[in-house]
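Just the heavy atoms: all of them, side chains too, but no hydrogens, waters or symmetry mates, feed the values below.
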Amino acid sequence: MRTTWTGTTRPAGGETRNGDGGLEAAWDLAAGPRAPAQARALTRRSLRRWRVTGPDDVDDVVLIVDELVANAVVHGTGPVRLGLRLEAAPAGVRLTGEVGDADPRAPGVPAGPPPVLDWAEAGRGLLLVASLATEFGTRPAPPGKTIWFTRELDPLDAPALTLGAPAR
């Protein structure tokens with residue numbers, strides 16, 4: 001067992017229904033070159049099971065997770081923790097993602113796009129996250145930190161979450 005989100009104990013690697021009728025999933029990933037691909041596959045599988053069908057939503061969330069996990073592997077230490085939560089929101093459905101590692105240093109704030117066209121492949125991860133997420137930020141999670149994001153999903157392409165409905 002491990003603790004995820006706000007004091008909720010869940011088995012690592014399992015998808016569960018939280019007390020508010022939302023859906024949760026959490027995994028511990030080895031911090032290595034395969035972690036981003038594994039995170040992408042786990043995220044796609046969970047979104048499919050949760051009936052999130054909007055291609056823009058799915059592709060954007062998978063890209064956000066990929067960037068945050070890659071950053072945790074390259075710039076962080078220790079295992080990478082990935083968590084996803086789907087819940088009802090005032091305007092429809094909200095997905096929250098969290099990626100944590102054991103390094104307490106917070107990432108730098110993206111400064112925005114470069115003033116001239118730059119074809120460098122590095123240094124754009126948080127800029128992508130900032131442009132695709134509804135919100136994102138960081139918080140201490142001793143011994144390290146957690147980078148979180150939210151994404152408001154298209155209500156026409158997201159599931160209706162009801163209390164008591166089984167997770168699939």
### Message
When you compare the side chain of Pro79 with that of Trp27, does any pair of heavy atoms fall below 4.5 Å?
### Response
no
### Query
Is Asp101 salt-bridged to Lys145, going by a charged N under 4.0 Å from an acidic O?
yes
### Message
Do Val80 and Asp28 have side chains that approach each other closer than 4.5 Å (heavy atoms only, starting at C-beta)?
### Response
no
### Message
Under the criterion salt bridge (Lys or Arg N to Asp or Glu O under 4.0 Å), I'd like the reasoning laid out for Glu98 against Arg139: C-alpha separation, chi angles, the key distance, then a yes or no.
### Response
CA-CA 10 Å; Glu98 295 184 342; Arg139 69 172 180 275; 2.6 Å; yes
### Message
Looking at Ser46 and Thr43, would you say the former's side chain and the latter's main chain have a donor-acceptor pair under 3.5 Å?
### Response
no
### Task
Mind checking the CG-OG1 spacing from Leu82 to Thr146? Nearest 0.5 Å is all I need.
11.0 Å
Result block: side-chain N/O donor-acceptor pairs under 3.5 angstrom for residues 148-155, not counting sequence neighbours:
| unit_1 | atom_1 | unit_2 | atom_2 | d |
| --- | --- | --- | --- | --- |
| Thr150 | OG1 | Glu135 | N | 3.3 |
| Arg151 | NE | Asp57 | OD1 | 3.3 |
| Arg151 | NH1 | Asp60 | OD2 | 2.8 |
| Arg151 | NH1 | Leu132 | O | 2.7 |
| Arg151 | NH2 | Asp57 | OD1 | 3.0 |
| Arg151 | NH2 | Asp60 | OD2 | 3.0 |
| Glu152 | OE2 | Arg94 | NE | 2.9 |
| Asp154 | OD1 | Leu156 | N | 3.0 |

#### Entry: Check: Pro107 and Thr138 side chains under 4.5 Å, non-hydrogen atoms
yes
### Summary
Here the pair of heavy atoms bringing Pro104 nearest to Ala102 is CD-O, 3.5 Å
#### Entry: Full working for side chain to side chain contact (heavy atoms under 4.5 Å, CB included) between Leu95 and Val52
CA-CA 10 Å; Leu95 179 89; Val52 175; 5.9 Å; no
### Task
Decide side chain to side chain contact (heavy atoms under 4.5 Å, CB included) for Thr96 and Leu84; before the verdict, give the C-alpha distance in whole Å, the side-chain angles of both, and the deciding distance to 0.1 Å.
CA-CA 6 Å; Thr96 301; Leu84 301 172; over 6 Å; no
### CA sep, side-chain torsions, deciding dist, call: Arg81, Val99, side chain to side chain contact (heavy atoms under 4.5 Å, CB included)
CA-CA 5 Å; Arg81 296 172 310 278; Val99 175; over 6 Å; no
Extract all donor-acceptor atom pairs below 3.5 Å that involve side chains of residues 63-74 and protein atoms in other chains or at least two apart in sequence.
| unit_1 | atom_1 | unit_2 | atom_2 | d |
| --- | --- | --- | --- | --- |
| Asp66 | OD1 | Arg40 | NH1 | 2.5 |

### Task
Hey, could you give me the CZ/CG distance between Arg49 and Leu86, rounded to the nearest 0.5 Å?
14.5 Å
### Summary
Sorted by chain and residue number, the salt bridge (charged side-chain N to carboxylate O under 4.0 Å, His left out) partners of Asp103 (sequence neighbours excluded) come out as Arg105
